[in-house]
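Below is one structure, written out as structure tokens; the observations come after it.
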Amino acid sequence: MERITIFDTTLRDGEQAPGFSMREAEKVRLARKLDALGVDVMEAGFPIASEDDFNSVRAVAREVRRPIVAALARSMDADIDRAAQALEGAARPRIHTFIATSDLHLAHKLRMSRAECLDQAAGAIRRARRYVNDVEFSAEDATRSDPDFLVAVVEAVIDAGATTVNLPDTVGYATPDEIVRFFQTIRARVRGSDRVVFSAHCHNDLGLAVANSLAALEGGCRQLECTVNGIGERAGNASLEEIVMTLRVRPDKLPFTTGIVTKELFSSSQLLGQITGENVQSNKAIVGRNAFAHEAGIHQDGILKDRRTYEIMRPEDVGVPETTFVLGKHSGRHALMNRCSAIRIEPTRLELDELYKRVIALADRKKIVRDHDLLELWGQMKRAASRAQVPAAFAFRDEPHPADEAGYGHGV
Ligand code: KIV
Ligand code: ZN
């Protein structure tokens with residue numbers, strides 16, 4: 001098993017997404033959490049972008065001592081000087097400088113020739129190396145760049161002293177098979193490729209960012225750039241938690257380890273949501289509210305018998321407190337009894353039947369029946385029974401629910 005580098009860019013690419021910008025104190029708070037999470041590199045910001053970003057990078061660089069702290073800079077003198085200044089207090093500083101290499105970006109955005117681009121890239125690396133030994137180069141829009149030109153740029157930045165070469169799929173256009181071939185080809189063709197770490201930075205425009213990042217490992221990358229909850233420009237970056245847990249769950253396919261403390265994944269995701277006010281969708285892999293929740297009777301029954309039937313990882317391994325059983329119209333009696341025990345209700349067999357009917361009726365109206373609803377239904381039953389002065393054991397009219405008919409609700 002080979003250990004790869006996790007480069008977290010939640011504080012930079014992540015916060016570039018609309019609605020995700022963070023102030024200095026918030027960045028420092030999240031940086032502490034990323035440290036506890038075990039990221040190897042954290043990109044703290046883009047110091048030339050604003051005074052606030054400069055201050056944030058400086059504050060993070062002073063606060064966090066174990067991981068490498070990176071600052072982003074275009075391949076321009078002023079950017080590199082500003083990044084270096086922001087990193088002055090860092091224990092392990094990295095300057096990350098980039099320039100676009102695709103003809104599309106060169107012609108229409110930078111209005112620059114290939115020769116100018118190559119010179120600027122190499123010059124930026126030389127300037128950054130005057131300040132720090134750890135310099136990363138990114139060829140923006142690398143996957144849509146002409147391979148011959150990309151090889152020339154990568155050779156030039158290696159000669160100039162780059163230590164990591166990142167080849168981003170900036171607009172999330174590539175497919176996993178292309179990514180494997182892309183990295184294999186560039187690494188094979190570049191003179192001096194064994195002197196640097198190759199890195200992937202995949203965007204999620206087609207929902208392929210994690211698949212592409214994992215494919216990049218097969219292509220020879222040993223650093224992956226990603227963000228908590230997959231936040232980032234447009235549809236976001238590769239999700240850190242999804243990459244890490246795929247490696248953890250499928251070492252047979254992907255024999256790589258990371259330094260991530262997986263028990264910190266859920267709380268990191270929650271903290272980011274708290275700070276930005278943007279929570280992940282409920283079905284988000286690993287950290288979404290439903291990632292370890294089961295409603296269907298067949299699934300709840302399976303989980304109660306052996307959790308491996310419907311869970312490929314343990315919730316506690318990613319810091320989720322426990323598997324949750326949600327009561328809904330697909331739930332069976334077995335699951336209801338389980339919830340009752342959890343909230344210390346002890347219905348008799350007949351009471352359970354009545355309660356079950358009420359739960360299903362309520363689920364039809366409000367989709368999810370939570371513990372407080374269950375308590376309310378139980379209270380109503382008890383009150384009705386005491387008004388009628390009969391025991392709470394209601395007459396059981398046997399009208400089985402489809403979940404029961406399938407055989408999943410019985411056995412209580
Ligand atoms: O997506 C991208 O190309 C980037 C670079 C600046 C690394 O974020
Ligand atoms: Zn990006």
Side-chain angles (χ1 to χ4, degrees), residues 5-18 20-21 39-50 53 57 68-76 79-80 82-83 86 94-106 108-110 112 117 120-121 124-125 128 134-145 149-150 153-154 157 162-174 178-179 182-183 186 196-210 212-213 216 221 223-240 243:
T5 298
I6 293 292
F7 177 116
D8 177 275
T9 183
T10 308
L11 299 173
R12 197 278 298 170
D13 208 322
E15 81 135 6
Q16 277 174 220
F20 286 92
S21 76
V39 304
D40 301 296
V41 186
M42 66 174 78
E43 186 163 52
F46 192 3
I48 196 90
S50 72
D53 223 7
V57 175
I68 294 169
V69 176
L72 188 68
R74 286 168 299 180
S75 294
M76 292 175 176
D79 280 42
I80 290 163
R82 196 76 175 135
R94 171 181 293 186
I95 294 178
H96 175 195
T97 183
F98 73 99
I99 191 165
T101 50
S102 67
D103 289 333
L104 186 67
H105 280 238
L106 288 177
H108 300 284
K109 185 183 82 175
L110 299 176
M112 192 185 267
C117 167
Q120 202 164 315
I125 300 296
D134 186 346
V135 175
E136 173 167 336
F137 172 75
S138 283
E140 192 188 9
D141 208 18
T143 52
R144 294 194 301 170
S145 301
F149 178 57
L150 190 58
V153 172
V154 173
V157 297
T163 46
T164 299
V165 171
N166 182 41
L167 302 180
D169 185 29
T170 300
V171 288
Y173 181 72
E178 284 173 338
I179 287 281
F182 170 71
F183 277 102
I186 300 294
V196 292
V197 173
F198 275 84
S199 165
H201 174 114
C202 300
H203 277 272
N204 205 31
D205 299 67
L206 292 174
L208 293 173
V210 170
N212 283 340
S213 303
C221 281
Q223 171 178 287
L224 295 182
E225 303 198 355
C226 48
T227 57
V228 173
N229 294 346
I231 68 168
E233 288 277 6
R234 307 179 309 281
N237 289 69
S239 142
L240 181 149
I243 289 176

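Residue numbers run from 1 in the order of the sequence given. Order of appearance sets the numbers: ligands from 1, and atoms from 1 within every ligand. Side chains are part of it too, since the values below use all heavy atoms of this structure and drop only hydrogens, waters and symmetry mates.
Looking at Asp13 next to ligand 1, an N or O pair under 3.5 Å apart turns up. Inclusion of Glu140 in the set of residues having an N or O under 3.5 Å from an N or O of ligand 1 is not warranted. Some N or O of His203 is nearer than 3.5 Å to an N or O of ligand 1, by distance alone.
Between Arg12 and Glu233 there is no salt bridge, since no side-chain N of the basic residue sits under 4.0 Å from a carboxylate O of the acidic one.
Among the heteroatoms counted here (N, O or S) of Asp13, OD2 is the one nearest to the Zn ion (ligand 2).
Residue contacts with ligand 1 include His96, since one of its heavy atoms falls under 4.0 Å from the ligand.
Counting heavy atoms under 4.0 Å from ligand 1, residue His105 does not touch it at all.
Between Thr5 and Val41 there is a side-chain heavy-atom pair separated by less than 4.5 Å. The side-chain heavy atoms of Phe7 and His96, taken from C-beta on, include a pair separated by under 4.5 Å.
Residue Ser138 approaches ligand 1 through these ligand atoms, each under 4.0 Å from one of its heavy atoms: 7 (C).
There is a side-chain donor-acceptor pair under 3.5 Å between Ser75 and Thr97. No side-chain donor-acceptor contact under 3.5 Å links His203 and Asn212.
A 6.0 Å sphere centred on OH of Tyr173 holds no more than 12 heavy atoms belonging to other residues, nucleotides or ligands.
If you check which protein heavy atom lies closest to atom 3 (O) of ligand 1, you get Thr170 OG1, 2.7 Å. For atom 4 (C) of ligand 1, the closest non-hydrogen atom on the protein side is His201 NE2, 3.5 Å. With respect to atom 5 (C) of ligand 1, the closest heavy atom belonging to the protein is Arg12 NH2, 4.0 Å.
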| said: Ser102 vs Ser145, test: side chain to side chain donor-acceptor pair (under 3.5 Å). Steps then yes/no. | reply: CA-CA 4 Å; Ser102 67; Ser145 301; 4.8 Å; no
